[in-house]
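Everything below concerns the one structure shown next.
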Amino acid sequence: MTGSIRQRLDEAMKEAARAIGVDGDMPDLELARAKSADRGEYASSAGMKLARALKQPPQQIASRLAATLQVPGGAARVEAVGGYVNFRLTPQWLQELVTHVAAIGPRYGATDIGRGERLQVEFASINPTGPLHIGHGRGTILGDSICRLLEFTGHQVQREYYVNSDNTQTRRFGASVYARLHGKVPPEGGYTGEYVIEIAEMARRDLPHIEQLPEEEAEPQLRMYAMQKVVEQIRATVARLNIRYDEWFWENWLWEKGLPQRAIDRLRESGYLKERDGALWFGPALQELEDDGAVHKELAEEEDRVVIRSNGQPTYFASDLGYLLSRFEDRGFNRVVEVWGSDHHGYVPRMKSAAAALGIDPAKLVVILHQMVNLKEGKMSKRAGRFVTLDELIDRVGSDPVRYFYLLRSPDTTIEFDLELAVAQSNENPVYYAQYAHARLANVEATAVEKHPRLPEQADVSLLVEPWELDVARQLAFWPEVVEDAVRLLEPHRIPYYVQDLATAVHRFYHAGNEKSEHRVVVDDERLTRARLELCRAARHTLKTALDLMGVSAPDRM
RNA sequence: GCCCCGCUAGCUCAGUUGGAUAGAGCAUCUGCCUUCUAAGCAGAGGGUCGGGGGUUCGAGUCCCUCGCGGGGCACCA
């Protein structure tokens, strides 16, 4: 069994369409989940879609399709209603699915569509100038979950944190540490948080004679020291959320390897750099402007960007040019996924243009944008020390609810964050609903084995006939397509919504046994117990797999 | 001024390339624990999908326009 049942039904539909005379391009037959359960699980509007091509009324087409369709494995009964073709999964197929899922367990829903593609996901590369706050939680959790999805579907993923080491912000940070070291208030635009004082005290202890050095010598040392301290802290914070990075890639490594220089040389040769007002700018090559054939369509409309300032200092953009070479050429990733806050959205066309100008296919640079997290009380500011740290949120709510909370929202929505409300509502967090379903299954499975030490090896799944039992199996049938959609669109928020549905089916199934003891999993009849145990195992594995993809734990007891 | 995102039930939000009667959680109200976990189950109420045009067999979904909110438009990152 490979791929989702949705996909197999879609293929069967297309075959049937060919058989009744559709030639040439096959329109999308829009086979999708039926919105109402009494129409079955899947429905296609193929009758309407093909009406023009076949010059027949939709009802007639739908009827002919339904009569022609060969559903693989007898998975579904087909019915034509109006111009629609409806599919109803058969109990036999659902029962066999339970056996299949129980057998392969954690691998159910996994695919090899990535075919081992090497790709890098770079996410939450926040300037290491202070602790992570709740806004940063979004990118880290989103990025990590995207990694988990990609790994689950056959990609070879490297998780990277890009550490900006030499820019205006980090220099201000260094200057702030320097000021605190000498008992002074950080300069205008500096970092005034308490933690800067603590870092200054650590530096006093760890860096001998640092106090005697003039600022121009002390600041770079203090800056690197302080950023290393902050990076350690960030590493610890994300670890609490079940997140680890494979690489913490420092910006200064790029310059040590000469990568920005290499990029600049290449761009200069191909005409993408020009000097103006004493600075070096990146923009479309003159030739291309005349030909109206810029390397990337947005580039023509973009304003030129400074690469080297008139004072000789490179901008972050120069580093980013080298960073592109580092990843696509030096380290050979086939694709790079960037997870950025929407405040960087204007930077997307520029980076794509830069990639194209360097000879890198811009489609291989995939940028996932997410909207911001705003504090209800007002805008957060790291420099002003006005923020709620991610650590505080985890302390007060716990890692699992925090991850679930962020993952539930599509990246496109802005989050208005209210800490007190989050803490007050943490007990209502839907994560517990899902985890409780998992724990219940684990518990009942243990009870079954305890009561019946000699259960049959094989389950007779044809005994799973109750509606609430088949409903669980039905939810299991949907899992592969949820994974397909989530990874295709790189949208992890689809996972928790699925988990909610599966957990609901599980709770109903379990509760049937509270209503009537003969509907329990553990009954006197060993064959029946064994069949229901099979269903428990299949559902529990799938719940666990889904929770794993979210980085949320699946406890056996609650 | 230009660009991006959002506006769906009291609140927070789902709704894949347009498909049949618009969903979930929370909150509110009503029932359900002597026996496998009540962090659960069953039921009820709650909607002009921001406003207005358009495209078509069909629009929450696509196009235009207006409004409101968030974010961008540096020799900052």
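For the numbers below, each heavy atom of this structure counts, side chains included, while hydrogens, waters and symmetry mates do not. Sequence lines set the chain letters: A, B, ... in the order given, protein chains first and strands last, and positions in each chain run from 1.
With A:V306 as reference, A:T315 is the one residue of A:L280, A:D277, A:T315 to meet the side chain to side chain contact (heavy atoms under 4.5 Å, CB included) rule. For the pairing with A:L533, the side chain to side chain contact (heavy atoms under 4.5 Å, CB included) check across A:V522, A:V444, A:L455 returns one residue only, A:L455. Remark: of the listed residues A:E11, A:Q7, A:K14, A:M13, A:M13 is the sole one forming a side chain to side chain contact (heavy atoms under 4.5 Å, CB included) with A:L31.
Using a 4.0 Å heavy-atom criterion, one finds that A:D277 contacts the bases of the nucleic acid, with or without backbone contacts as well. Contacts of A:F317 with the nucleic acid, taken as non-hydrogen atoms under 4.0 Å apart, are absent. Counting any heavy atom pair closer than 4.0 Å across all strands shown, A:D556 reaches a base atom. Using a 4.0 Å heavy-atom cutoff across all strands shown, A:T170 reaches no nucleic acid atom at all. No engagement by A:D485 is indicated, since no non-hydrogen atom pair under 4.0 Å with the nucleic acid exists. A:N514 comes within 4.0 angstrom of a base, heavy atoms only. Counting any heavy atom pair closer than 4.0 Å across all strands shown, A:N86 reaches a base atom. Residue contacts for A:Q500: at a heavy-atom cut-off of 4.0 Å it reaches the sugar-phosphate backbone alone, with no base atom in range.
Pairs of residues two or more places apart, or lying in two chains, that qualify as salt bridge (Lys or Arg N to Asp or Glu O under 4.0 Å) and include a residue from residues 489-501 of chain A are A:E491-A:R494.
Note: CD (A:E122) to C1' (B:rA77) measures 12 Å, nearest angstrom. Computed from coordinates, the A:Y510 OH to B:rA39 P distance equals 11 Å when rounded to whole Å. Going from atom NE2 of A:H493 over to atom C1' of B:rC5 covers 14 Å, rounded to whole Å. Taking atom CG of residue A:D412 and atom P of nucleotide B:rC7, one finds them 9 Å apart after rounding to whole Å.
The listed nucleotides are B:rC36, B:rA77, B:rG40; the one nearest the side chain of A:H511 is B:rG40. The A:R305 side chain lies nearest to B:rA74 when the options are B:rA74, B:rG40, B:rA39. Nearest to the side-chain atoms of A:T315 among the listed nucleotides B:rC76, B:rA14, B:rG70 stands B:rC76. Side-chain atoms of A:R440 lie closest to B:rA38 of the nucleotides B:rA42, B:rA14, B:rA38. The nucleotide whose nearest atom lies closest to any side-chain atom of A:T168 is, among B:rG15, B:rC76, B:rA20, B:rC76.
A:E41 places a side-chain N or O within 3.5 Å of a backbone atom of A:L89 that can act as its donor or acceptor partner.
Taking the ring axis of A:F478 as reference, the NZ or CZ atom of A:R474 does not stay both within 45° of it and closer than 6.0 Å to the ring centre. At least one cation-pi condition fails for A:R39 and A:Y84: the charged atom is not both under 6.0 angstrom from the six-membered ring centre and inside a 45 degree cone around its axis.
Taking the C1' atoms as reference points, B:rA24 lies 29 Å from B:rG67, given to the whole Å. Between the P atoms of B:rG23 and B:rU65, the separation comes to 33 Å (whole Å). Taking the P atom of each, B:rC66 and B:rU28 are spaced 43 Å apart, rounded to whole Å. For the P atoms, the distance from B:rC33 to B:rA42 is 16 Å, rounded to whole Å. Taking atom P on both nucleotides, B:rA39 is separated from B:rA27 by 14 Å, rounded to a whole Å. Spacing between B:rC62 and B:rG15 at atom P, rounded to whole Å, works out to 12 Å. Comparing the P positions of B:rG60 and B:rU8 gives a spacing of 15 Å, expressed to the nearest Å.
Between A:K451 and A:T529 there is no side-chain heavy-atom pair separated by less than 4.5 Å. Between A:D556 and A:H438 there is a side-chain heavy-atom pair separated by less than 4.5 Å. Between A:V177 and A:R223, every side-chain heavy-atom pair lies at or beyond the 4.5 Å cut-off. A:F173 places a side-chain heavy atom less than 4.5 Å from the side chain of A:V196.
Between B:rA39 and A:Y432, no contact under 4.0 Å exists linking OP1 or OP2 to a side-chain N or O. Taking side-chain N and O atoms only, A:T413 has a distance below 4.0 Å to OP1 or OP2 of B:rA14.
B:rC76 has no base stacking with the ring of A:Y316 when judged by centroids under 5.5 angstrom apart and an interplanar angle below 30°. The aromatic ring of A:Y84 is stacked on the base of B:rA20, with the two ring centres less than 5.5 Å apart and the planes inclined by under 30°.
Across residues 39-54 of chain A, A:R39, A:A43, A:S45, A:M48, A:K49 each have a non-hydrogen atom less than 4.0 Å from an atom of RNA chain B (numbered order). RNA chain B is contacted by A:R520, A:V521, A:V522 of residues 518-544 of chain A, taking any non-hydrogen atom closer than 4.0 Å.
In this structure, A:Y497 and A:H493 have perpendicular ring planes: the angle between them is above 60°, well past the 30° mark. Note on ring orientation: taking the six-membered ring where Trp is involved, the planes of A:Y323 and A:Y162 are parallel (angle under 30°, cut-offs 30° and 60°).
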*Could you write nucleotides 26-31 of chain B as a row of B, S and -, 5' to 3', where a protein heavy atom under 4.0 Å of any base atom gives B, of only sugar-phosphate atoms gives S, and otherwise -?*
SS----
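On a pure distance criterion of 3.5 Å, a polar donor-acceptor pair joins the side chain of A:H344 and the base of B:rA77. Remark: the A:D320 side chain and the B:rA77 base include no donor-acceptor N/O pair separated by less than 3.5 Å. You won't find any donor-acceptor pair under 3.5 Å spanning the side chain of A:H345 and the base of B:rG72, going by distance alone. In terms of polar N and O atoms assigned as donor or acceptor, the side chain of A:S310 comes within less than 3.5 Å of the base of B:rC75 in a complementary pairing.
With 3.5 Å as the limit, one finds a donor-acceptor pair spanning the side chains of A:Q435 and A:D400. With 3.5 Å as the limit, one finds no donor-acceptor pair spanning the side chains of A:S426 and A:N429. A:E251 and A:S319 share a side-chain donor-acceptor pair at under 3.5 Å.
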Mind listing the N/O atom pairs, protein and nucleotides 46-51 of chain B, below 3.5 Å?
none

*When Watson-Crick pairs (N1 to N3 and N6-O4 or O6-N4) and G-U wobble pairs (N1-O2 and O6-N3) count only below 3.5 Å on both distances, what is the dot-bracket string of RNA chain B, with | for other-strand pairs?*
(((((((..((((.....[...)))).(((((.......))))).....(((((..]....))))))))))))....
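Checked against the 6.0 Å centroid threshold, A:F417 and A:F405 count as a close aromatic pair.
Closest non-hydrogen pair, A:A355 versus A:P362, comes out as CB-CA, 4.5 Å. Between A:L254 and A:S326, the closest heavy-atom pair is CD2-CB, 3.7 Å.
Residues A:R409 and A:R6 both approach RNA chain B. Their nearest nucleotides, taken by heavy-atom distance, put A:R409 toward the 5′ side. Of the two residues near RNA chain B, A:I308 and A:L369, the one whose nearest nucleotide lies more 5' is A:L369.
Summarising the geometry, atom CD belonging to A:E30 is positioned 10.5 Å from atom CG belonging to A:D10; distances are rounded to the nearest 0.5 Å.
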